[in-house]
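Remarks on the structure that follows.
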Amino acid sequence: MNIFLYNTMYRELREFKPLKDEEAGMYACGPTVYNYAHVGNLRTYIFEDILRRTLAYAGYRVTHVMNVTDVGHLTDDQDDGEDKMLKSSRETGMSVWDIAEYYTKAFFKDTTRLNILDPHVVCRATEHIDDMIELVKRLEKRGHTYEAGGNIYFSIDTFDQYGRMANLNLEDLQSGARIEVDQNKRNPKDFVLWFTKSKFENQVMLWDSPWGKGYPGWHLECSAMSMKYLGEQFDIHCGGTDHISVHHTNEIAQSEAATGKKWVRYWCHGEFLLDDTGKMSKSKGEFLTLDLLIKHGFDPLDYRYFCLGAHYRSQLRFSFQALEQAKTSRNNLAARIAELKKDQVEAADTLDAPAQAYVDRFEAHAAKDLNMPRSLSELWGLVRDSSIAPAQRLAGCYRMDLILGLSLKDIAPAGEELLDEESASLIAEREEARKDKDFAKADTIRDILQKRGIDIKDTPSGTVWRKRV
RNA sequence: GGCGCCGUACCCAAGUGGUAAGGGAGAGGUCUGCAAAACCUUUAUGCACCGGUUCGAAUCCGGUCGGCGCCUCCA
């Protein structure tokens with residue numbers, strides 16, 4: 001299985017060839033834990049999960065590293081704006097450390113519910129300050145830094161290829177210098193590596209450094225931690241599309257300037273999920289969280305399925321109507337899987353040619369830049385191909401689910417779902433009514449059961465029911 | 001201003017040179033006490049519009065109109 005990924009660095013699909021045979025190292029930009037994740041954030045982690053699962057499916061030993069940004073950062077490099085962690089702390093009365101802990105837990109609770117596999121390494125910025133300081137020292141030694149106004153800056157003019165991935169034109173950037181306000185910067189796109197002057201009162205996250213007590217610039221952690229866990233050169237770095245022009249651009253500059261080596265081989269970026277107003281934001285009060293979707297009656301996997309319906313590099317507009325359609329579709333899929341499992345049918349150990357043909361196409365679509373809409377379409381094709389034996393179809397579906405992550409194995413066989421007593425007695429009562437030809441009563445009970453999430457089917461061989469997923 | 005993207009059926013959404021995947025919704029049929037499910041049939045001679053290239057274009061090129069994202073902490 002040869003995987004092709006769209007590489008932002010070259011703006012084209014390129015075959016994935018890892019640094020080391022059989023191994024794939026990937027670093028994913030993780031959350032800043034000052035608030036709950038919104039579903040737009042989560043879309044990106046679903047994309048990364050698909051990437052990871054596809055690599056593993058293809059036989060690579062994957063090392064998936066993700067950072068957790070638990071250091072408060074300025075809202076921009078101009079030293080204005082607010083520190084998000086501090087802001088959250090002030091608003092909730094919790095300490096910044098507790099805030100970080102609380103939202104980190106909330107984040108992983110969400111990802112777990114979405115069947116997103118835990119990264120092999122989760123690294124917290126606050127636990128890697130020494131590594132960041134070491135990196136700044138290396139940059140200092142190589143002449144890429146300068147001190148001004150108490151802060152240590154990275155000088156982008158000392159790095160040849162600055163802005164290459166983002167197609168930034170340095171002269172255009174320079175011309176914008178006149179309107180910049182930070183007099184400390186030699187070039188307006190220079191960025192801070194280490195702050196020693198905090199304008200914030202109550203700044204509690206401070207560390208000693210050769211340049212004084214302070215805290216790291218926000219690009220630093222990803223460079224320092226990714227290299228620590230994956231080496232100075234590694235295969236894949238991914239994140240949201242918004243990171244291309246600033247965050248990743250600066251990471252590349254400081255990483256490659258420090259080592260003198262090419263850093264990352266494949267850059268993969270997930271597109272945004274939009275809401276009605278366009279961009280999703282956390283600053284508008286209530287925003288779309290996974291919990292909110294659950295409150296509206298959706299299963300987290302409905303959202304995962306919804307995301308699978310669009311390609312990760314396409315913007316996707318969120319709407320409850322579209323999510324509702326995804327939910328229905330997933331439910332129908334589960335019903336078919338349940339039907340295949342009926343009568344103790346087990347997945348076959350090996351695939352015959354007809355089922356394998358579907359799996360082959362599925363793999364081809366996944367391998368071509370993670371085309372989940374197409375892959376999903378092959379799943380549907382297999383599921384409803386009645387010329388193929390249930391055991392074969394099941395086996396094929398399970399294979400596909402290794403990448404899709406829809407928990408198809410967990411679906412109970414038709415008629416074997418757990419049922420609460422009340423529903424069970426309602427079903428029995430309805431049976432009686434039908435025997436007595438009291439169809440009005442039977443239909444009323446059927447409606448009640450419907451509302452409880454139980455579908456009723458009267459077949460020639462008796463009544464069967466199914467719990468919607 | 002710089003970078004980039006999109007406009008495909010009623011809805012969501014793939015497809016980037018060879019004649020429109022899939023899902024949701026709808027319609028007809030078989031079945032049923034009625035339903036549901038399942039199965040069969042069905043819903044874009046056309047992919048914003050106008051030109052061009054080509055044997056052939058939703059796909060390439062040019063233009064027009066419309067919509068969007070990033071560039072500032074954000075996935």
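Every chain is numbered from 1 and lettered A, B, ... according to where its sequence line falls, protein lines coming before strand lines.
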Is the phosphate of [N] approached by [X] (side-chain N or O, under 4.0 Å from OP1 or OP2)?
{"X": "Lys189(A)", "N": "U72(B)", "value": "yes"}
{"X": "Lys368(A)", "N": "U16(B)", "value": "yes"}
{"X": "Arg434(A)", "N": "A35(B)", "value": "no"}

Set of residues satisfying ring pair (Phe, Tyr, Trp, His ring centres under 6.0 Å) with respect to Phe154(A), sequence neighbours excluded: His144(A), Phe191(A)
Touch class at under 4.0 angstrom, heavy-atom based, for His243(A) against every strand present: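 Sugar-phosphate only.
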Any N/O donor-acceptor pair, Asp242(A) side-chain to C71(B) base, under 3.5 Å: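 Not at all, since no donor on one side and acceptor on the other fall under 3.5 Å apart.
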Under-3.5 Å donor-acceptor pair between His269(A) side chain and A75(B) base: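 No.
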Arg53(A) and Asp49(A) ion-paired at < 4.0 Å: yes
Can you tell me, in whole Å, how much space there is between the [atom1] of [N] and that of [M]?
{"N": "A13(B)", "M": "A57(B)", "atom1": "P", "value": "27 Å"}
{"N": "G26(B)", "M": "A37(B)", "atom1": "P", "value": "9 Å"}
{"N": "U8(B)", "M": "G66(B)", "atom1": "C1'", "value": "15 Å"}
{"N": "C40(B)", "M": "A44(B)", "atom1": "C1'", "value": "22 Å"}
{"N": "A58(B)", "M": "C49(B)", "atom1": "P", "value": "11 Å"}
{"N": "A20(B)", "M": "U59(B)", "atom1": "C1'", "value": "11 Å"}

Base-contact (B) and sugar-phosphate-only (S) positions in nucleotides 4-14 of chain B, heavy-atom cut-off under 4.0 Å, - elsewhere: S------BSSB
Expected output: side-chain Arg399(A) to main-chain Leu394(A) donor-acceptor under 3.5 Å: no
Sub-6.0 Å ring centroid separation between Phe234(A) and Trp263(A):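 Aromatic pair counts; centres sit under 6.0 Å.
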Ring center gap for His296(A) and Phe320(A) short of 6.0 angstrom: yes
Please table the atom pairs, donor to acceptor, closer than 3.5 Å between any side-chain atom in residues 240-247 of chain A and protein atoms at least two apart or in another chain.
| from | atom 1 | to | atom 2 | distance (Å) |
| --- | --- | --- | --- | --- |
| His247(A) | ND1 | His219(A) | ND1 | 2.9 |
| His247(A) | NE2 | Glu251(A) | OE2 | 2.6 |

Intermediate values then yes/no, salt bridge (Lys or Arg N to Asp or Glu O under 4.0 Å), Arg434(A) and Asp458(A): CA-CA 10 Å; Arg434(A) 288 188 73 226; Asp458(A) 298 322; 3.3 Å; yes
Of Glu324(A) and Arg336(A), the one whose closest RNA chain B nucleotide lies more 5': Glu324(A)
